[in-house]
Asks: 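One structure coming up, written as structure tokens, with questions to follow.
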Amino acid sequence: MAQAGDGAITRNRAEMAAIGAVAGLALWLFVDVLPDALDDRRLLLVLATLILGGFGVVLALGGPERIGRAALGALSVAVPAAGLIWLASLRYPVAPDLMQYGHGAVALGAILFLATPFAAAGCTEPGGWRRYPLLFDAAWMIVVRFIAAIFFTGVFWAVLMLSDQLLQLVGITIIDDFIDLDPVPYVLSGLLLGLAIQVVHEMRAYVSPFVIHRLLRLLLPALLPVVALFLAAIPFRGLGGLFGGLSPAATLMGVALAAVTLISTATDRDDASAAQSGVVRDAGRLMALMLPVLAGLAVYAVWRRVDQYGWTPDRLLAGLAAVFLLAYGLAYAGAVLRGAGWMVRIRTANRWMAMAVVAVAGLWLTPVIDATRISAQSQLARIESGAHEPQEMALWELAQRWGHAGQAALERVEARAETAGDATLARAVERARTTRSRYGFEQATGETGTDAMAEAVSAVLVRMPGARSVPVEALDRVPGFLLSEWERACAMVLGDGRPGCVAVTGPFRPGVEEEHGFILLHMGGDRLQVQGIVLRDGALSRMGGAHDMSGRVDPGTPLTGSAEALIGAALDGRFEVVPAGVNALRIGDVELIPDN
């Protein structure tokens, strides 16, 4: 009998190790091989979800179940998930963007993580998914097995790396050469993960969630007074102070989720396993009563952000999470208020809420909850209201992250800009399409001046007679802060009443088809700045820096000394363009070089 038992143990370990190795090989193929070999990215994404997700569920179910039953359970989860991913990927021109930008990975993770315990309970006995004790045990054992297996795999790699370093001290590189083979790290990691999962299952009498539950329960009495103090302080602080800074929704939801987890561990799988300590039970009841207030504040925090800035996929996801936590809170509080049997009712609520999360995660991947469409329509309504500047609009997200719905909304924005003759908005739309980073778009849009600022500067900026003029279309691409400084500078006057600014254009770079314009002006404060710019294809870009030419001069006050002399000489045409590596502007004895 012992030999037969040893044979079964060896066979089970070999099976799980082989499954892990094949899963690792599949991961390597999807990471390093298939992206170059398969042009259809949508098909690649669906196959990755089906195969890699399926292997993940098989590893989760393996151990307690035979491989055949585990595979059937995995298919019941992975096949619908792959179909939903295919459907959701149609929102994007490039299918992988669903996982990178569209929170598809979050929805897929929720489906796989929460549906797997239902599949495990269903494999244990027919209709087992309806029994909370089976669900509770399956969920926690999956978590424990994976945590232990991942820890073992990490330790193995640490030992292997140390062994490699030791052997390299004597010139032996066999380990390094082995792990340098492309699929080896993936296959070896998968093999170790599968083997460790099986071993942990065999040691389930010793490695179980029992200790984790007992430890987590001890946190309930510690968290309770913190939450109570927080809620007691709100009437004195007020909601305005509470939500005055960065949205605290994530903090509130994190605490609410922790409360849900701790209450669930206190109620455990059944009354016999639940917390027996009166302190822990009372803390659980009181926390359940406070949970709706915490979750309600989280819902309010998300609503405030949406009211201010409109919907985005991030805010929609946060809103759904907050609503689910509020539903948990109401169910828990209702269970406690109904008196005896409150723990049974909480367990029932947990089962229904888990199924609801899986269902909504599935709907997230269908047109029913199309986050990109909802967000694009919300942002389009804000833009069409005309109450926001381009830098306050989600133009870059519409162009780069929200798929077909975002592109369609952006086309409407572009049409609106053309109809209204809004050149500033039209340029912002163009930048949104061509700028690949959010930071770059914010820099470009946030720094750009408005049409009104450009027209104001053009009206007061004095150019040399006969010199090439600087068009308004070029000026209104200049950073707003610089336009504002130029406008203030040109409000100053020389002693003879002429404006205290001048633009001189000329071929300061011989052989280069561009024109540099030198703008000599007082920037306010205590310096006269000399700013080099280049005019190319109708757009200005800054070149060079400033020269301190005078003391402090206020707008409208006559300039004196060398500053007035230089500007006056330029206005009189008493200058020449001379070579200085690049050509320089000479005014009297002073030479000004664009790149300085």
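Counting begins at 1 with the first residue of the sequence.
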Asks: Looking at Arg412 and Leu380, would you say the former's side chain and the latter's main chain have a donor-acceptor pair under 3.5 Å?
Replies: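 Flag not set: sc Arg412 to bb Leu380 has no pair under 3.5 Å.
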Asks: Can you tell me how far apart CG (Asp39) and CG (Leu44) are? Round to the nearest 0.5 Å.
Replies: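 Asp39 CG to Leu44 CG: 10.5 Å, rounded to 0.5 Å.
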Asks: Test side-chain contact (heavy atoms from CB on, under 4.5 Å) on Leu50 and Ile85 and set out the steps.
Replies: CA-CA 9 Å; Leu50 177 64; Ile85 287 295; over 6 Å; no
Asks: For the CD1 atom of Ile9 and the CD atom of Gln198, what is their distance to the nearest 0.5 Å?
Replies: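 If I round to the nearest 0.5 Å, the distance is 9.0 Å.
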Asks: Kindly give the heavy-atom pair with the smallest separation between Leu181 and Pro185, and that separation in Å.
Replies: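 In this case the closest contact between Leu181 and Pro185 is O-CD, 3.3 Å.
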Asks: Looking only at atom types and distance, does a side-chain atom of Trp28 sit under 3.5 Å from a main-chain N or O of Val187, one as donor and one as acceptor?
Replies: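 Side chain of Trp28 to backbone of Val187, a donor-acceptor pair under 3.5 Å: no, none is there.
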Asks: To the closest 0.5 Å, what do you measure between CG (Leu365) and CD1 (Ile111)?
Replies: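 Here the interatomic distance stands at 5.0 Å.
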Asks: Is the closest side-chain heavy-atom distance between Arg204 and Met141 below 4.5 Å?
Replies: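 SC-SC contact between Arg204 and Met141 confirmed.
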Asks: Between CG of Leu195 and CG of Asn12, what distance do you get to the nearest 0.5 Å?
Replies: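 If I round to the nearest 0.5 Å, the distance is 11.5 Å.
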Asks: Using modelled atom types only, decide if a donor and an acceptor are shared between the side chain of Arg41 and the backbone of Pro35 within a distance under 3.5 Å.
Replies: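 Answer holds: yes.
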Asks: Between Arg42 (side chain) and Ala95 (backbone), is there a donor-acceptor pair under 3.5 Å?
Replies: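 Side chain of Arg42 to backbone of Ala95: no pair is present.
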Asks: Might you point out which heavy atoms bring Ser378 and Gly310 nearest each other, and give the distance in Å?
Replies: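 Closest approach of Ser378 to Gly310, heavy atoms only: OG-CA, 3.5 Å.
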Asks: Cut-off 3.5 Å, side chains only: do Asp270 and Ser273 have a donor facing an acceptor?
Replies: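 Side chains of Asp270 and Ser273: pair found under 3.5 Å.
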Asks: Taking NZ, NE, NH1 and NH2 as the nitrogens, is one of them in Arg433 or Glu414 under 4.0 Å from a carboxylate oxygen of the other?
Replies: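 Looking at Arg433 and Glu414, the cut-off is met.
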Asks: Tell me whether Arg382 contacts the main-chain N or O of Gln308 through its side chain, where contact means a donor paired with an acceptor under 3.5 Å.
Replies: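 Confirmed, Arg382 side chain pairs with Gln308 backbone.
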Asks: Can you label the angle between the Tyr332 ring and the Tyr328 ring as parallel, tilted or perpendicular, going by 30° and 60°?
Replies: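 Perpendicular, since the angle between the ring planes exceeds 60°.
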Asks: So Leu169 and Leu166, do their side chains get closer than 4.5 Å, heavy atoms only?
Replies: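 A side-chain contact exists here, since the closest heavy-atom pair is under 4.5 Å.
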Asks: Using every non-hydrogen atom in the two residues, find where Phe324 and Met353 come nearest and quote the distance to one decimal.
Replies: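 Smallest interatomic distance, heavy atoms only, reads CD2-CE, 3.4 Å.
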Asks: Do Leu223 and Val227 touch side chain to side chain, with heavy atoms closer than 4.5 Å?
Replies: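 Yes, side chains in contact.
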Asks: Identify, with sequence neighbours excluded, every residue that meets side chain to side chain contact (heavy atoms under 4.5 Å, CB included) alongside Thr434.
Replies: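 Listed in chain order: nothing, the list is empty.
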Asks: Is the shortest side-chain heavy-atom distance between Leu320 and Trp364 below 4.5 Å?
Replies: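 Of all side-chain heavy-atom pairs linking Trp364 with Leu320, at least one is under 4.5 Å.
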Asks: If I take atom CZ from residue Arg347 and atom CG from residue Asp268, how far apart are they, to the nearest 0.5 angstrom?
Replies: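 It comes to 7.5 Å.
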Asks: Step by step, would you call Ile175 with Ser163 a side-chain contact (heavy atoms from CB on, under 4.5 Å)?
Replies: CA-CA 8 Å; Ile175 295 178; Ser163 300; 3.9 Å; yes
Asks: Looking at every non-hydrogen atom in both residues, tell me the closest pair between Ala110 and Val358 and how far apart they are.
Replies: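 Nearest pair, atom of Ala110 first, then Val358: O-CG2, 4.4 Å.
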Asks: Scan for ring pair (Phe, Tyr, Trp, His ring centres under 6.0 Å) pairs involving residues 107-133, sequence neighbours excluded, and state none if there are none.
Replies: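 Checked against ring pair (Phe, Tyr, Trp, His ring centres under 6.0 Å) - neighbours excluded - the pairs reaching residues 107-133 are Tyr132-Phe136.
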Asks: Distance only, no hydrogens: is a donor on one side chain within 3.5 Å (strictly under) of an acceptor on the other, for Asp370 and Thr372?
Replies: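 Side-chain D/A pair, Asp370 to Thr372: present.
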Asks: Start with the C-alpha distance between Thr312 and Trp402, add both sets of side-chain angles, then the distance that settles side-chain contact (heavy atoms from CB on, under 4.5 Å), and finish with yes or no.
Replies: CA-CA 9 Å; Thr312 65; Trp402 295 353; 3.9 Å; yes
Asks: side-chain contact (heavy atoms from CB on, under 4.5 Å) between Leu216 and Leu219: does it pass, once the steps are laid out?
Replies: CA-CA 5 Å; Leu216 288 178; Leu219 297 178; 4.1 Å; yes
Asks: With a 4.5 Å limit on heavy-atom distance, are the side chains of Asp177 and Ile174 in contact?
Replies: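 Answer no - side chains too far apart.
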Asks: Within a strict 4.5 Å, meaning less than it, do heavy atoms of the Ile67 and Met16 side chains meet?
Replies: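 When only atoms from C-beta onward are counted, Met16 and Ile67 do touch, with a gap below 4.5 Å.
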Asks: Test your reading of the model: is there a side-chain donor-acceptor pair from Arg217 to the backbone of Thr265, 3.5 Å cut-off?
Replies: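 Checked: pair present.
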Asks: Please report the shortest heavy-atom distance between Ala399 and Gln407, naming the atom on each side.
Replies: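 Here Ala399 and Gln407 meet closest at O-NE2, 2.8 Å.
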Asks: Could you walk me through whether Asp97 and Arg401 pass salt bridge (charged side-chain N to carboxylate O under 4.0 Å, His left out), step by step?
Replies: CA-CA 8 Å; Asp97 284 352; Arg401 289 199 167 185; over 6 Å; no
Asks: Kindly say whether Ser437 contributes a backbone atom to a donor-acceptor pair with the side chain of Thr435 at under 3.5 angstrom?
Replies: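 Between the backbone of Ser437 and the side chain of Thr435 there is no qualifying donor-acceptor contact (under 3.5 Å).
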Asks: Between the main-chain N or O of Thr348 and the side-chain N or O of Arg351, is there a donor-acceptor pair closer than 3.5 Å?
Replies: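 Side chain of Arg351 to backbone of Thr348: no pair is present.
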Asks: With no hydrogens and no angle check, do the side chains of Ser189 and Trp157 hold a donor and an acceptor under 3.5 Å apart?
Replies: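 The answer is yes; a qualifying pair exists.
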Asks: Do you know the tightest heavy-atom contact between Gly53 and Ala78?
Replies: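 In this case the closest contact between Gly53 and Ala78 is C-CB, 4.3 Å.
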Asks: Are Arg13 and Glu202 packed together at the side-chain level, in the sense that at least one heavy-atom pair is separated by less than 4.5 angstrom?
Replies: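 Answer yes - side chains close enough.
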Asks: Is the shortest side-chain heavy-atom distance between Leu395 and Arg431 below 4.5 Å?
Replies: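 Answer no - side chains too far apart.
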Asks: Looking at Thr173 and Asp176, would you say the former's side chain and the latter's main chain have a donor-acceptor pair under 3.5 Å?
Replies: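 Judged by distance alone, no pair lies under 3.5 Å.
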Asks: For the CG atom of Leu52 and the CG atom of Leu47, what is their distance to the nearest 0.5 Å?
Replies: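 Nearest 0.5 Å value for the CG-CG distance: 9.5 Å.
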